Amino acid sequence: MPELSDVEGFKRYLNRHAAGRRIERVDRVDRSMLRTGSVRGLAGCELGSARRHGKWLIAEAGLATVLMHFGMTGLLHWSGNGGARHVHDRVVFVLDGGELAYRDMRKFGGVWIAREARRVDELIGSLGPDALEVDRDDFRELLAPRRGSVKAALMDQTLIAGLGNLLVDEICWRARVHPGLALARIGPERRDRLHACMRAVLRDSIPHGRIPPEPGWLTGARDDRRSGACPRCGTRLRRATIAGRTTVWCPRCQPKR
DNA sequence: TCAGTTGTTTATAT
DNA sequence: AATATAAACAACTG
């Protein structure tokens, strides 16, 4: 789940419940998920409000910076007064007034504590601009030198940060662009349409903190196993691996040519 | 039992 | 040099 819209939801969640509270301690329930080892110095600090870059969530805590990545199954969970720990809680920030748990079933994500700007830069310095900050001209300039498929480019975090498999499929579907199409064959019109749809998909999904489970979204029709019908025209959706990821598209709305 | 899974990194191939 | 592909990471679902 965790792509830009999801992490935006986690950001709001952290800021609503946990930001501004004093850190009493940090429990490394699963030691390996605190990727940088020590939590020394955090106790007594105030947890700052979070910002987001791409799929990363970042918050200051005293002189340190806390960074979280949610991998495939990560999320945050707040319990106001001593709620039970969940089996997948990996790192728990025990705060004044409640606990913020970094929960991750599959453990592809993690929590990093950086004490120098250099360390932050090592983690997120290679990311491209956040997808929300990319205007139409930026989009054109970023894509101009790229050679591969639309899907590979939009998924590349060093090009544009925040778009994942589901968002990219959703964007291509709205823009009526086949995700496997080479960028060399995308003219200005379709390129601008991709940009407009990127903005629209983000705008519409961010308030939900996810791609909303509502009619009119491709993701609602893709189903885990078998693809459903195109929400726009009813055509049976196609499914194949493109740029290494399971990709769903409508063969009628998004023709290959 | 086995294939499949929203992300990233690394190695290898083209 | 830039892209593409596959595997690995870990744990669960259908």
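This structure is a prediction, so every number in the text was calculated from the model and none was measured. Lettering of chains follows the sequences in order, A, B, ..., and the numbering in each one begins at 1.
Taken from CG in A:L218 to CG in A:L166, the straight-line distance is 9.0 Å, to the nearest 0.5 Å. The CG atom of A:L181 sits 14.0 Å away from atom NZ of A:K151, with the distance rounded to the nearest 0.5 Å.
Closest non-hydrogen pair, A:V111 versus A:M68, comes out as CG2-CG, 4.2 Å.
With sequence neighbours left out, the side chain to side chain donor-acceptor pair (under 3.5 Å) criterion links A:E99 to A:R85. In this structure, the side chain to side chain contact (heavy atoms under 4.5 Å, CB included) partners of A:R140, at least two apart in sequence or on a different chain, are A:D137, A:R191.
OP1 or OP2 of B:dT8 has not a single side-chain nitrogen or oxygen of A:R35 nearer than 4.0 Å. For A:H69, no side-chain nitrogen or oxygen approaches OP1 or OP2 of B:dG7 to under 4.0 Å. For the pair A:R146 and C:dA2, the criterion of a side-chain N or O lying under 4.0 Å from OP1 or OP2 is not met. Close to C:dC12, at under 4.0 Å from its OP1 or OP2, lies no side-chain N or O of A:K107.
Within the 4.0 angstrom heavy-atom criterion, only backbone atoms of the sugar-phosphate kind lie near A:T246; the bases stay farther away. In this structure, A:T73 reaches neither bases nor backbone, as no heavy-atom distance under 4.0 Å exists between it and the strands shown. Residue A:G164 is classed as a sugar-phosphate contact, given heavy-atom separations below 4.0 Å to backbone atoms only.
Spacing between atom CG of A:L163 and atom P of B:dG7 amounts to 10 Å, rounded to whole angstrom units. Spacing between atom CG of A:D156 and atom P of B:dT8 amounts to 10 Å, rounded to whole angstrom units. Residue A:M155 contributes atom CE, which lies 20 Å from atom P of C:dA2 at whole-angstrom precision. Protein atom CZ of A:F70 is 19 Å distant from nucleotide atom C1' of C:dC9, rounded to whole Å. Computed from coordinates, the A:Q157 CD to B:dG7 P distance equals 8 Å when rounded to whole Å. C:dC9 atom P lies 17 Å from atom CE of A:M105, rounded to whole Å. Computed from coordinates, the A:W112 CH2 to B:dT8 C1' distance equals 9 Å when rounded to whole Å. In this structure, A:H53 atom NE2 and B:dT8 atom P are separated by 12 Å, rounded to whole Å.
Residues A:R190 and A:V150 have side chains not in contact (no heavy-atom distance under 4.5 Å, counting atoms from C-beta outward).
Under the stacking definition used here (centres under 5.5 Å, planes under 30°), the residue A:F108 fails to qualify as stacked on the base of B:dT8.
Looking at the side chain of A:R239, the nearest of the listed nucleotides C:dA11, B:dT5, B:dT8 is B:dT5. In this structure, of C:dA11, B:dT8, C:dT3, it is C:dT3 that holds the atom nearest to the side chain of A:R147. When the nucleotides B:dT5, C:dA4, B:dT8 are ranked by their closest atom to the side chain of A:M72, B:dT5 comes out on top.
Here, B:dT1 and C:dC9 have their C1' atoms 22 Å apart, quoted to the whole Å. Nucleotides B:dT8 and C:dA1 are separated by 25 Å at their P atoms, to the nearest Å.
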